[in-house]
Amino acid sequence: MFLDIHELERHPLDFEEEFQPDVIDLGGEARQRTPLKASGHAELVEEHHGKHKVIKDIRLRGRLTAGFELQCARCLEPVSQEIARDFELLYRPLGADAGRDELSVTDAEAEIGYYQGDGLLLEDVLREQVVLAAPLKAICREDCRGLCPHCGRNLNLEQCTCAEPIEDPRWEALKGLREKLDSK
Ligand SMILES: [Zn+2]
Ligand SMILES: [Zn+2]
């Protein structure tokens, strides 16, 4: 869905969109499992600079939800996670801030981005928001025992024999010495 600045000039826009998994490429290891739902409101905000210059910003407010599948950081089994994120964003025309340090719109709540040309793609906005909302790491459960570092078995499912304490080679040396002394 393209948010066109000329359309927004005429009226604000409410959106309610649903994206099937794989419509938005998220990259990385997170896989989208359920449709991404996004709803919100887009409107034009005009900034007046001096007498003649008007800068047209796009303000976007909304909420998104989606189900994801990640890998457990310990045992590598799939973990399902729901994410939900409210966003409030302000997009300024690219170049609007060139040569200026300070922004005239000080909207502490809004994150500021830039749009190019006639507007911006809602999909691009959502991709960015999803990436921000997605957890970097997931654990299938608090007491996940992970994989055995020696044999790679999933210790939640089975025990392996590697877990037995390995004797310290220094003690081995002493034991050898004692045996030698004892045999004398
Ligand atoms: Zn796990
Ligand atoms: Zn093992």
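Just so it is clear, the values below take in all heavy atoms, side chains as well, and ignore hydrogens, waters and symmetry mates. Every number for a ligand or one of its atoms is a count from 1 in the order of the listing.
- Here the Zn ion (ligand 1) is the vertex; the SG atom in C140 and the SG atom in C72 give an angle of 110° (to 10°).
- E158 CD: more than 12 foreign heavy atoms inside a 6.0 Å radius.
- By the criterion of side-chain heavy atoms lying less than 4.5 angstrom apart, applied directly or through intervening Ile, Leu, Val, Met, Phe, Trp or Tyr residues, L94 is grouped together with I112 in one hydrophobic cluster.
- If you put the vertex on the Zn ion (ligand 2), SG of C148 and SG of C151 sit 110° apart, to the nearest 10°.
- Classification of R59 and E88 as a salt-bridged pair holds, one side-chain N sitting under 4.0 Å from a carboxylate O.
- E123 places a side-chain N or O within donor-acceptor distance of the main-chain N or O of M1, the cut-off being under 3.5 Å.
- Vertex the Zn ion (ligand 1); arms to C75 SG and C144 SG; angle rounded to 10 degrees, 110°.
- Here C162 contributes SG and C160 contributes SG, and at the Zn ion (ligand 2) these two atoms make an angle of 110°, given to 10°.
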